[in-house]
Amino acid sequence: MAALSATLPDDADVAVRVRGLVTGFGDHVLHDHLDLDVARGEILGLVGGSGSGKSVLMRTIIGLNPARAGSVSIFGQDALAADPEAQRALRRQWGVLFQEGALFSGLTVAENIEVPMREFLALPDAVMDGLAAARLRQVGLPAESCTKFPSELSGGMKKRAGLARALALDPPLLFLDEPTAGLDPISAAAFDNLIKLLKDTLGLTLFLITHDLDTLIAICDRVAVLGDGKVLACGTVDQLRAFDHPWVQEYFGGPRGRAATGDST
Amino acid sequence: MGSSISWQETGDGGARVVLSGRLTIDDVATLADALATVAPRAPGLSVDLSAATAIDTAGAWAINSLINRWNDAGHTAEVQGAAPDIVRLIRALTVPPPPVKRRADRGNPVFARLEQIGRAVVHQADNAGGFLAFLGQTLVVLALTLIGRRRLRWHAVAHQGEAIGVNALGIIGLLLFLVGLVVAQQGAVQLRQFGAEVFTVNLIGRATTRELGILLTAIMVAGRSGSAFAAQIGSMKLNQEIDALRTIGLDPIEVLVVPRVIACSLMLLGLAFYGGMCALIAGGLFAWSELAMPPAAYITRLQEVILVSDFAIGMIKAPVFGFIIAIMGCFHGFQVTGNAESVGSRTTQAVVEAIFVVIVFDAFFAFFFSAMGYN
Ligand SMILES: Nc1ncnc2c1ncn2[C@@H]1O[C@H](COP(=O)(O)OP(=O)(O)OP(=O)(O)O)[C@@H](O)[C@H]1O
Ligand SMILES: [Mg+2]
């Protein structure tokens, strides 16, 4: 069991450390003393049933949702209690892709990507435009989509534009909420490759919420399973497949799970 | 800050550039500048990255642009001393990137301005046509509802009625009370010069029941509820909720517009009456304290000066104004497209146009009823 614990040793080099986190809405307690560590430079996949609180956990870690108890530290800094100046410095360290994309509806795709650059860096327009084009290329959007407004994009294109914005500053830590949902399998595979490339070259740390078993298997170093307000188990896909819990068994041992892991038994 | 660039000559006449330190987004502007200083020349360029300690996508983009520039000029350019992953990162950005534009071109400013004017005219004409169509649709559904062919959603009417009417009681009562006081006080000051202070009661009685009470209430409701209708329906539109209603087989006019129109008309009737009363009470208090006219005398006098027709005219106008406010708010809500900015501008338009049309109608009513002999 110890191998599947969600926590790493105290002296480990962690990017995100969550301890005793309690969140809820009204009487409903969503996370009940949840512990989780994301090591620096790893890709942590987070899975769990729909409504189990994955998005809320992400929002709590990045400070958008109040925690009732517990602590969150990011790169060793207390994220929940940081003063505004420190918060701003922390925000420079991470990029976030929301489940719904959350693009600014009044700005074009290129302007959306340039928002973080404008906010944190003083770059000439030509450089920003060049970087925006490079980002679009990276996430696989056609160059002519840069002048489009979010309402003129397809669902998958919105996802990719949101990803391009999250990547805009090459942040060392990325929070992605279901980045491949709504993408065709080819684009999803291209996403996996992009993330792997960025991780290898930039040493990214990734907190990745996904239901995409192929992504989990292709790029995640560890996978955490969220259930009953806690992390049920955390380990490699192979370890989890051997883990004795009905939901985990169903998840990885069901027909889709078996198909993705190439297991025909 | 963290990076340094040095250009060197190579023996064969080409160039070599050594990049060292951190090639990241923090320094990308200086990096791009420094890389553009040397013009491409034969036979080519080699980029030495062996001393670079960190490269991110922005750095890779700058190097990639450099390589592209030399290649486009017909010379070779290659990267040396970089890890395979870095080379992949740089390569992955190699596209024929047509220079990115943030917005579509505007073109010649004169033509653009003319085009803008033309567009605005067409847009307004379109808007007017669209409004008439919307008005027609609403009236048809309203008529069908009245003869019982469409369901009236009582629940929605009650809910809107609460938001439009009940929740506005405080602010409208206060507003009309203050206006009543001001009218009485200013009237008394002027009429005192002719020793005709008692006629203050005529002023306050007629002005509030026939004109002021209704108009001010309507303006307040346009600001409170007309804007709310436009914003509610507009954000539902952005969220595709209107489309969802249609696909389920519900008529958005029936579900969203008719309850608002009915509730707003009825509530404005009630609010106008209530507002008029508040103004009369304020006038009465003023008369009592400043003109030494006891409440009983004030009421008797009001009964003499306020004609039944004044009261009836006010009560005819109120539901019409309510209808105008609701239909303007809903229409502009349905016109929202694209982005959050559009919700804002349509909300503004809903309020401004509702108040404008209300005042136009008020003027029309004033002349109409005078011509009919109701002075
Ligand atoms: N603002 C909120 N107010 C009240 N309840 C909320 C709020 N946000 C989320 N919840 C509840 O919290 C629970 C978890 O929501 P969350 O969005 O985290 O689910 P999820 O695990 O991300 O699911 P999915 O895989 O479908 O995205 C749900 O039951 C949801 O109803
Ligand atoms: Mg979610």
Side-chain angles (χ1 to χ4, degrees), chain A residues 92 100 103-114 116-118 120-152 155 164 167-172 190 193-194 196-204, chain B residues 1 22-33 35-36 52 54-66 68 82-106 235 237-240 336-345:
Chain A
R92 169 76 172 77
E100 319 291 344
L103 295 169
F104 301 118
S105 62
L107 302 180
T108 63
V109 169
E111 287 167 338
N112 261 287
I113 298 173
E114 291 173 13
M117 304 183 203
R118 230 174 256 288
F120 287 104
L121 305 164
L123 295 179
D125 281 359
V127 172
M128 284 202 292
D129 289 350
L131 284 174
R135 287 297 173 201
L136 286 177
R137 158 79 188 156
Q138 266 188 336
V139 299
L141 278 176
E144 60 270 16
S145 57
C146 60
T147 55
K148 289 198 170 138
F149 286 93
S151 58
E152 300 163 355
L167 289 171
L169 296 179
D170 273 324
N193 287 335
L194 169 64
K196 227 188 302 192
L197 175 64
L198 291 180
K199 183 199 163 195
D200 292 345
T201 49
L202 312 179
L204 274 183
Chain B
M1 192 164 41
R22 298 175 54 81
L23 312 176
T24 61
I25 193 163
D26 296 304
D27 304 314
V28 70
T30 39
L31 188 64
D33 277 350
L35 291 180
I55 297 183
D56 68 1
T57 316
W61 165 79
I63 296 165
N64 183 51
S65 317
L66 172 72
N68 278 346
D85 281 334
I86 301 288
V87 176
R88 266 202 312 153
L89 184 67
I90 297 172
R91 288 260 164 75
L93 297 172
T94 304
V95 254
V100 131
K101 275 189 240 132
R102 271 176 242 153
R103 302 225 169 191
D105 262 338
R106 290 256 171 72
S235 21
K237 183 112 192 285
L238 283 190
N239 220 357
Q240 298 187 321
V336 166
T337 45
N339 54 36
E341 210 172 299
S342 152
V343 178
S345 74

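Every chain is numbered from 1 and lettered A, B, ... according to where its sequence line falls, protein lines coming before strand lines.
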Trace of the side chain to side chain contact (heavy atoms under 4.5 Å, CB included) decision for A:V127 with B:W61: CA-CA 10 Å; A:V127 172; B:W61 165 79; 3.7 Å; yes
Shortest non-hydrogen separation from B:G338 to A:S105 and the atoms involved: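 It is O-CB, 4.3 Å.
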Minimum heavy-atom distance between A:L131 and B:A58, given as atom pair plus value: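 Taking A:L131 first and B:A58 second, the nearest heavy atoms are CD2-CA, 3.4 Å.
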Enclosure of B:E341 CD (heavy-atom neighbours >12, cutoff 6.0 Å):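 Check fails, neighbour count at 12 or below.
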Chain B heavy atoms under 4.5 Å from [X]: which part of the residue, side chain, backbone, both or neither?
X: A:D125; value: both
X: A:L198; value: side chain
X: A:L121; value: side chain

Heavy-atom check, side chain of A:L107 versus side chain of B:N339, under 4.5 Å: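 No - every pair of side-chain heavy atoms lies 4.5 Å or more apart.
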Ion pair check, B:D26 and A:R92, cut-off under 4.0 Å: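 Looking at A:R92 together with B:D26, the answer is yes, because their closest N to O distance falls below 4.0 Å.
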From CA spacing to verdict: side chain to side chain contact (heavy atoms under 4.5 Å, CB included), B:T57, A:L202: CA-CA 8 Å; B:T57 316; A:L202 312 179; 4.0 Å; yes
Side-chain donor/acceptor of B:D56 to backbone N/O of A:D170, under 3.5 Å: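 Such a contact is absent between B:D56 side chain and A:D170 backbone.
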side-chain contact (heavy atoms from CB on, under 4.5 Å) partners of A:L197, counting only residues at least two apart: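 Residues passing side-chain contact (heavy atoms from CB on, under 4.5 Å) with A:L197: A:T201, B:R88, B:L89, B:A92.
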Proximity breakdown for B:A340 and chain A, heavy-atom pairs closer than 4.5 Å: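 Interface part for B:A340: both.
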From OG (A:S151) to CG (B:L238), nearest 0.5 Å: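 Between atom OG of A:S151 and atom CG of B:L238 there are 8.0 Å.
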